Number of protein chains: 2
Amino acid sequence: MGSEAIDNCLKAIYQLAGDDERATTAGLAEQLAISPASVTGMLKKLSEADPPWIEYQKHHGARLTDRGRARALEIIRHHRLIELFLHRVLDYSWDEVHVEAEKLEHAISETFEDRIAHVLGDPEFDPHGHPIPRRDGTLPDRADSDLIDMEPGTDAEVSRVSDHDPTMLQHLSSIGVRPGVRIHLLERRPFDGPLMLRVGDEQAVHAFGARLAGSIRIRDIRSAAT
Amino acid sequence: MGSEAIDNCLKAIYQLAGDDERATTAGLAEQLAISPASVTGMLKKLSEADPPWIEYQKHHGARLTDRGRARALEIIRHHRLIELFLHRVLDYSWDEVHVEAEKLEHAISETFEDRIAHVLGDPEFDPHGHPIPRRDGTLPDRADSDLIDMEPGTDAEVSRVSDHDPTMLQHLSSIGVRPGVRIHLLERRPFDGPLMLRVGDEQAVHAFGARLAGSIRIRDIRSAAT
DNA sequence: ACCTAAATTTAGGCAAGCCTAAAAATGGGC
DNA sequence: GCCCATTTTTAGGCTTGCCTAAATTTAGGT
Ligand SMILES: [Mn+2]
Ligand SMILES: [Mn+2]
Ligand SMILES: [Mn+2]
Ligand SMILES: [Mn+2]
């Protein structure tokens, strides 16, 4: 089926544009860390495959076909199952899992996928709180929103954090921020200033700048929480 | 460092020629399932690497350098650790592990290698009885010999079986032959005929033809066995 | 509507790994 | 010691996936 380059491209389109929006050449070039010219070539190939992986119009970006989306979700399922497996079974820290999963996602068989899913009890979320696509291509849903938009004076639960920067994950870990942990937003400092918040039951107040806050999503505290 | 093609070539040289013999172009072509012409190109490249992976003289085959042997053993360590991990942790049957390991051996990091070795208790042998190279490049040693050369009327223990043919492994499994199991050789039928033997405590007598017998190695029964 | 900056595509090239067909070297039998 | 069958290498070619530089298209501001 698809090569590693193809799989990474489909995954990137899904991550940039989702189910039915179009991803731009420039966006894909940045995401994949290759030149825009190389992206154009790849998009042409993907759209001329039989059956096609994407719908592509020159100068207007690429949109996944059903087949393309299925493949993207398949790779993302691999990635997230592997991340959780590394964390739970092989004792990787959550900042180590992404890089290893990035390679392994292309190397495992469907059998391997099924076995780790079984060992993990058919999990729905990875160590960073990202939903793990099911075999049928559906996604576990968890209504969440950006930390940036949180109402000062309220509480919320960390839903997910971006997994791309290991140093950021280490920092979040060191102050106790991980999916499921409760936070309390004290205030938002003016002129797009930092968010001042407390984590869990700790007294310490942390200042989250835009970069850090932008990589976190939250959800309403589960209602019946005493 | 090495690409997947390079790693497979070094591994093949090690398997065909061992530490300090030379592997032939034709042998490697067969082992790697590529054309002899492609092997020649690869050997030239490997011998011109800096530092070189192999010593190569036209028309006289290839011999591993220290670096080449170290790399080959590294890949074989990956392969055998992965096989055991799949069997023990992910419940693969022993005829399924080889194919999956063949891909994964190239995809895992040193961290992954260390973690599965630790989870498995730093094992010395894989599910087929093959020795797992240590990180320092030494090999667990187990004095064994070919089943073909076994003395009729004696007992021995299965040491290892070839892992390349899944159907053969299934058959061996079905009659109870696996590393550690005791066998008793009744007789060798004339004119290179089959070996007639009993497995474990079973009464059944099995006839092993040359192909099957040739894929099994045995060792003397551990002396103090009641 | 036009003009320009940015985005995108085209053109040409390169390395890795494979192939087949043809040429050349080897070495075993006599 | 020579010859010929076998092995190996050389020559030339193909695909994938990337690159840079140049040409082109698009879209935004006026
Ligand atoms: Mn990840
Ligand atoms: Mn990837
Ligand atoms: Mn391999
Ligand atoms: Mn094995």
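Values in this document were obtained by computation on a predicted structure and should not be read as measured data. Side-chain atoms are counted along with the backbone in the values below, which use heavy atoms only and exclude waters and symmetry mates. Letters A, B, ... mirror the listed sequences (proteins, then strands); counts begin at 1.
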For this session: Answer yes or no: does a side-chain N or O of B:Lys58 lie under 4.0 Å from OP1 or OP2 of C:dT26?
Result: no
For this session: Classify the nucleic acid contact of B:Ala37 as base, sugar-phosphate or nothing, counting any heavy atom under 4.0 Å across all strands shown.
Result: base
For this session: Return no unless some side-chain N or O of B:Lys44 is found under 4.0 Å from OP1 or OP2 of D:dT10.
Result: yes
Seminar exercise, completed: Whole-Å distance, B:Ile6 CD1 to C:dC18 C1', equals 14 Å
Exercise. Among all residues two or more places apart in sequence or in another chain, which pass the side-chain contact (heavy atoms from CB on, under 4.5 Å) test with A:Glu30?
Worked result: none
For this session: Kindly say if B:Ser35 contacts the phosphate of C:dC19, meaning a side-chain N or O under 4.0 Å from OP1 or OP2.
Result: yes
Exercise. In terms of ring plane angle, is the pair A:Phe85 and B:Phe85 parallel, tilted or perpendicular, where the classes change at 30° and 60°?
Worked result: perpendicular
Exercise. Are B:His79 and B:Glu105 close enough that a side-chain donor and a side-chain acceptor fall under 3.5 Å?
Worked result: yes
For this session: Report yes if a side-chain nitrogen or oxygen of A:Ser38 is closer than 4.0 Å to either non-bridging phosphate oxygen (OP1 or OP2) of D:dG17; otherwise report no.
Result: no
Exercise. Which part of the nucleic acid does B:Thr25 contact within heavy-atom distance under 4.0 Å: base, sugar-phosphate only, or nothing?
Worked result: sugar-phosphate
Exercise. B:Thr40 near the nucleic acid: base, sugar-phosphate alone, or nothing, with a heavy-atom cut-off under 4.0 Å?
Worked result: base
Exercise. Is A:Arg142 salt-bridged to A:Glu124, cutoff N-O under 4.0 Å?
Worked result: no
Seminar exercise, completed: Assign each of A:His60 and A:Ser3 the nucleotide of DNA chain D bearing its closest heavy atom; nearer the 5' end lies the nucleotide of A:Ser3
